Colleague: 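Below is one structure. I have some questions about it.
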Amino acid sequence: MRELLETLMEELPELIYISDPHTYELLYLNEAGRRTFGELSPDGSSRCHRVLQGLEEPCPFCTNDVLGHESFYSWEITNPLTNRHYLLRDKLITWRGRESRIEIAFDLTEKEEERARFAYLATAGETVVECIKRLSENEDTLAAINGALALMGGVLDADRTYVFAIHEDRMNNIAEWCAPGVEPEIHLLQNLPLSLIDRWRLAFSAHKPMIIEQVEGLKQTSPEEYDILSLQGIDSLVAVPLESDGELLGYLGVDNPNMGKADDIAAPLMSLAYFMSSTMQRERERHVLEMRTWGDMLTNVHSRTAFYRDYGADPLRRVGLVEADVDEIRLVNVTKGREAGDALLVTVADKLAEAYGRERVYRTGDDEFVAIVTDVDEAAFVSDALALSRRLDAQKVPVTLGYAWQQTCLDVRSIANEVDEKLKQMKQMRARARSAGWKPWEESGAGTLLRPGGAAEAVAKGAVSIHVQPQVDQDDQVVGAEALVRYADPETGELVPPLTYIPALEDMGEVSVIDFHVLDLVCDLLVRWRACGYVDDGFSVATNFSRRTAEDAGFIERVVSVVAEHGLPPSCIEVEITESARESDSQELTVVVNRLREEGFRVAIDDFGVDNANVSLFASMRISTLKLDQSLVDCIGSNDWGAAIVESIVRLCADLDVTTVAEGVESPEQLALLRAMGCARIQGFLTGRPVTVEAFERRWFA
Ligand code: C2E
Ligand code: MG
Ligand code: MG
């Protein structure tokens with residue numbers, strides 16, 4: 001019987017030993033035990049605690065005291081010598097005549113790992129639940145995500161947990177948790193090309209995690225990925241997709257987890273990712289809602305409502321407002337499709353955002369955006385706006401800018417109206433400059449003119465001259481002329497259309513330099529023509545003055561003295577000023593016009609009909625000439641209504657002794673109609689283009 005038992009024990013795979021519970025002498029160790037712990041010393045000096053646990057003293061957890069002869073006592077321990085986990089069953093027996101203890105050890109290591117795995121999964125599960133609770137309770141999504149990353153990082157005993165958000169073809173690290181002593185990387189991982197994770201996206205698109213158990217292994221297969229990951233000190237990682245409705249919003253990743261197997265890590269991460277993506281989606285929706293109310297969905301800038309919310313209440317100081325109006329958006333929509341139109345709007349919004357910061361940009365109309373800057377110097381503001389305008393032209397973005405600056409602005413509507421007005425003028429000017437062959441994207445040679453002191457420099461260098469365009473009467477006789485400024489690009493010698501630089505010079509406060517230089521040239525010209533007998537007292541030359549110049553203090557005195565210095569009668573100069581429909585400054589203009597008239601000058605209102613034909617101006621201003629703008633002239637041939645209006649204006653002028661000049665007459669039909677209406681003078685390409693002084697003289701005085 002004893003032999004049989006011993007043979008059996010010898011052959012069992014479990015470790016079995018028998019010892020003396022009083023002396024701790026190790027009496028027997030079976031074959032499996034001897035293989036693990038070595039042979040017993042034949043002199044009986046082997047002690048169970050020394051051989052089996054490596055302890056000099058009896059084990060503190062020794063079970064001798066609780067053992068009996070009846071049943072086995074079961075317990076578990078991880079043995080420090082074998083590093084394995086055992087289920088132990090102990091009992092007292094009589095062995096070779098003495099009371100002994102027997103212990104049978106079942107190796108549970110594999111099972112223990114399994115159990116640890118369950119324990120880990122349970123903890124991870126609990127953590128996920130905790131994270132979800134936070135994600136759903138926390139108002140601040142980013143804070144909730146950060147909290148979840150920290151919890152998860154702790155459970156996984158990882159170096160780093162993080163979330164990347166994907167936007168179009170770029171991705172940004174938006175949240176990161178780092179274990180103590182691990183360097184944050186978030187600031188380095190911004191605006192990365194999405195192509196970096198092309199391989200991962202394959203897994204993500206199958207709703208699978210990306211598991212890299214050994215980054216080292218990528219060295220050969222995916223060297224670029226290896227470089228990036230190993231540089232960050234990553235040995236292993238697990239990343240899971242954040243997706244909503246099949247769209248990849250981003251991913252959640254864990255670097256160097258020490259807990260659990262990669263597969264086990266992925267499972268709870270996937271559930272966390274599920275909730276995280278719905279939080280991100282909710283955040284997006286909230287953003288969408290917010291944008292619907294306060295922002296523009298398409299272009300991702302604030303809305304018109306937001307503009308008045310932000311700036312409608314308080315007075316503003318040193319404020320600059322830029323308005324960008326997309327040129328012919330409807331035409332783009334029709335000819336190139338709505339998508340092209342939308343893309344154009346997005347581009348314009350982005351350009352403004354680039355120049356002024358997105359938080360300062362508002363979409364105020366279908367094709368209108370504004371950017372507002374407060375506490376800014378006028379000069380700095382204007383030069384920025386000019387630079388932006390040039391940049392947009394150079395990049396062929398079809399947009400027109402209007403801008404204004406005010407020292408104190410009590411109501412943002414007032415500056416908005418001023419900008420509107422400017423923009424309208426700009427649009428017309430640009431349209432005309434374009435029809436005169438100007439291509440906005442071709443770097444205009446006006447660049448050197450458009451810097452502080454540029455106008456005076458150009459005048460001093462002799463780069464500013466005039467062309468002259470004839471005005472003819474009913475009998476085709478030249479009875480007057482208009483002087484038009486000409487500036488030649490210093491490099492190419494090409495003439496730059498005045499409408500591309502006059503408005504900018506007005507904004508820079510330098511246009512009067514040009515205006516008075518032109519007046520000087522006109523006076524020189526008249527002195528010569530009169531001396532040569534080409535013209536008499538009845539012949540006047542019109543010269544253009546910007547409203548900015550005309551409103552300068554001392555403007556009239558200066559005009560008077562220049563003309564007097566040349567020894568000319570004031571009546572041979574016709575001062576041309578553009579009327580604008582705005583009530584407020586009509587008054588100032590009235591004063592200027594009437595004083596010039598008192599001094600004996602002729603005064604013409606230029607571009608009449610561009611804005612709206614403001615007939616009331618006749619009541620207060622004693623003008624001598626009304627110049628019908630080309631837009632009015634153009635409509636006489638095409639519609640009866642327009643013809644009737646022009647005819648009645650011409651008649652009114654005749655009654656008031658105001659000379660009418662029709663501008664931009666290009667066709668014989670227009671000429672015939674205008675003459676039939678009684679229009680006094682014609683100025684247009686048909687009767688004579690603006691030409692150099694020499695050419696003019698050859699044509700009309702030879
Ligand atoms: P504006 O005073 O109305 O001058 C008439 C413009 O119409 C001129 O353009 C002239 O070339 C153009 N024009 C004349 N006849 C025709 C025609 O039959 N068809 C077409 N399509 N165009 C015609 P320009 O020379 O380009 O001057 C544009 C504007 O620049 C002027 O418009 C005026 O507002 C401004 N400007 C010109 N010289 C001066 C100046 O010395 N001082 C100021 N402040 N502004 C000036
Ligand atoms: Mg003019
Ligand atoms: Mg005009």
Side-chain angles (χ1 to χ4, degrees), residues 425-426 428-438 444 446 449 455 458-459 464-472 480-488 494-523 525 540-552 555 559 562 573-580 602-611 623 625-634 637 660-671 674 681-692 696:
Q425 288 169 12
M426 276 302 229
Q428 276 150 0
M429 289 183 181
R430 287 168 67 92
R432 288 192 202 182
R434 261 198 300 267
S435 71
W438 171 60
S444 113
L449 193 62
V459 166
V464 181
S465 63
I466 53 170
H467 275 189
V468 204
Q469 186 176 26
Q471 295 177 350
V472 301
E482 177 174 4
L484 295 157
V485 69
R486 292 296 179 258
Y487 169 76
E494 256 175 70
L495 293 180
V496 186
L499 290 177
T500 64
Y501 54 84
I502 295 282
L505 288 174
E506 285 178 342
D507 290 327
M508 296 165 69
E510 303 213 352
V511 74
S512 67
V513 175
I514 297 291
D515 289 349
F516 277 101
H517 178 62
V518 169
L519 179 63
D520 236 10
L521 295 176
V522 166
C523 288
L525 180 82
S540 62
V541 174
T543 95
N544 293 279
F545 283 93
S546 149
R547 284 292 292 274
R548 279 290 283 256
T549 310
E551 282 162 13
D552 279 351
F555 164 68
V559 174
V562 170
I573 297 292
E574 183 163 83
V575 173
E576 270 193 24
I577 305 176
T578 301
E579 178 266 347
S580 98
R602 294 181 61 86
V603 176
I605 292 297
D606 203 354
D607 302 334
F608 184 79
V610 161
D611 243 353
I623 57 172
T625 303
L626 188 72
K627 301 191 75 172
L628 304 178
D629 187 70
Q630 183 169 24
S631 52
L632 272 186
V633 169
D634 281 345
T660 45
V661 178
E663 281 192 292
V665 179
E666 292 180 348
S667 74
E669 294 75 33
Q670 288 174 331
L671 181 70
L674 286 161
R681 294 184 180 190
I682 303 293
Q683 177 184 345
F685 289 175
L686 182 69
T687 46
R689 288 179 175 260
V691 288
T692 60
F696 190 92

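Note that ligands are numbered from 1 as they come in the structure, with each ligand's atoms numbered from 1 the same way. All figures in this text were calculated on a predicted structure; none of them were measured in a lab.
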Colleague: What heavy-atom pair brings Val464 and Leu521 nearest, and what distance separates the two atoms?
Modeller: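 The pair with the smallest heavy-atom distance is O-CD1, 3.8 Å.
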Colleague: Is the distance between the Mg ion (ligand 2) and the nearest N/O/S atom of Asn544 smaller than 2.8 Å?
Modeller: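 Here the distance criterion (N, O or S atom, under 2.8 Å) is met by Asn544, so yes.
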Colleague: Using a 6.0 Å cut-off, check whether atom CD of Glu666 has over 12 heavy atoms from anything other than its own residue.
Modeller: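 Yes, because the 6.0 Å sphere around CD of Glu666 holds more than 12 heavy atoms from other groups.
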Colleague: For ligand 1, indicate whether the residue Asp606 contacts it via side chain, backbone, both or neither (heavy-atom separation under 4.0 Å).
Modeller: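 The side chain, only.
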Colleague: Just to confirm my numbers, could you give the angle made at the Mg ion (ligand 2) by OE1 of Glu576 and OD2 of Asp606, rounded to 10°?
Modeller: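 If I round to 10°, I get 80°.
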Colleague: For ligand 1, which part of Lys627 has a heavy atom less than 4.0 Å away: the side chain, the backbone, both, or neither?
Modeller: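 For Lys627, no heavy atom sits under 4.0 Å from ligand 1.
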Colleague: Give the numbers and elements of all ligand 1 atoms closer than 4.0 Å to a heavy atom of Gly684.
Modeller: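 Ligand 1 atoms under the 4.0 Å threshold to Gly684: 15 (N), 18 (O).
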Colleague: Among the N/O/S atoms of Glu482, which is closest to the Mg ion (ligand 2)? Give the atom name.
Modeller: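 Result: OE2.
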Colleague: Quick test of your reading of the structure: of Thr687, Leu686, Asn544, whose heavy atom lies closest to atom 45 (N) of ligand 1?
Modeller: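 Closest candidate by heavy-atom distance is Asn544.
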Colleague: Can Gly664 be said to touch ligand 1, with heavy atoms closer than 4.0 Å?
Modeller: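 Per 4.0 Å heavy-atom rule, Gly664 contacts ligand 1.
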Colleague: Polar-atom distance check: Pro690 versus ligand 1, any N or O pair below 3.5 Å?
Modeller: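 No, Pro690 has no N/O under 3.5 Å of an N/O on ligand 1.
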Colleague: Indicate, as side chain, backbone, both or neither, the part of Glu663 found under 4.0 angstrom from ligand 1 when only non-hydrogen atoms are considered.
Modeller: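 The answer is the side chain of Glu663.
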Colleague: What part of Asp607, side chain from CB on, backbone N/CA/C/O, both or neither, has a heavy atom under 4.0 Å from ligand 1?
Modeller: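 For Asp607, the contact with ligand 1 is made by the side chain alone.
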Colleague: Any non-hydrogen atom of Glu506 lying under 4.0 Å from ligand 1?
Modeller: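 Per 4.0 Å heavy-atom rule, Glu506 does not contact ligand 1.
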Colleague: So for Arg486, does at least one of its heavy atoms come nearer than 4.0 angstrom to any atom of ligand 1?
Modeller: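 Right, Arg486 reaches ligand 1.
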Colleague: For atom 23 (C) of ligand 1, which protein heavy atom lies nearest, and how many Å away is it?
Modeller: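 Ranked first by proximity to atom 23 (C) of ligand 1 is Phe685 CE2, 3.3 Å.
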Colleague: What protein heavy atom is closest to atom 42 (N) of ligand 1, reported as residue, atom name and distance in Å?
Modeller: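 For atom 42 (N) of ligand 1, the nearest protein heavy atom comes out as Asp515 OD1, 2.7 Å.
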Colleague: Does a side-chain N-to-carboxylate-O contact under 4.0 Å join Glu506 and Arg548?
Modeller: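 Between Arg548 and Glu506 there is no salt bridge, as every charged N stays at least 4.0 Å from the carboxylate O atoms.
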Colleague: Are the side chain of Asp629 and the backbone of Glu663 linked by a donor-acceptor contact shorter than 3.5 Å?
Modeller: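 Answer holds: no.
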Colleague: Tell me, which N, O or S atom in Glu663 is closest to the Mg ion (ligand 3)?
Modeller: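 Result for Glu663 and the Mg ion (ligand 3): OE1.
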Colleague: If you check every N/O/S atom of Asp607, which is the one nearest the Mg ion (ligand 3)?
Modeller: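 Considering only N, O and S atoms, Asp607 comes nearest to the Mg ion (ligand 3) through OD1.
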Colleague: Does only the side chain of Ser546 get under 4.0 Å from ligand 1, or the backbone, or both, or neither? Count heavy atoms.
Modeller: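 The answer is both, backbone and side chain.
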Colleague: Please list the nearest protein heavy atom to atom 4 (O) of ligand 1 with its residue and the distance rounded to 0.1 Å.
Modeller: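 That would be Leu484 CD2, 3.5 Å.
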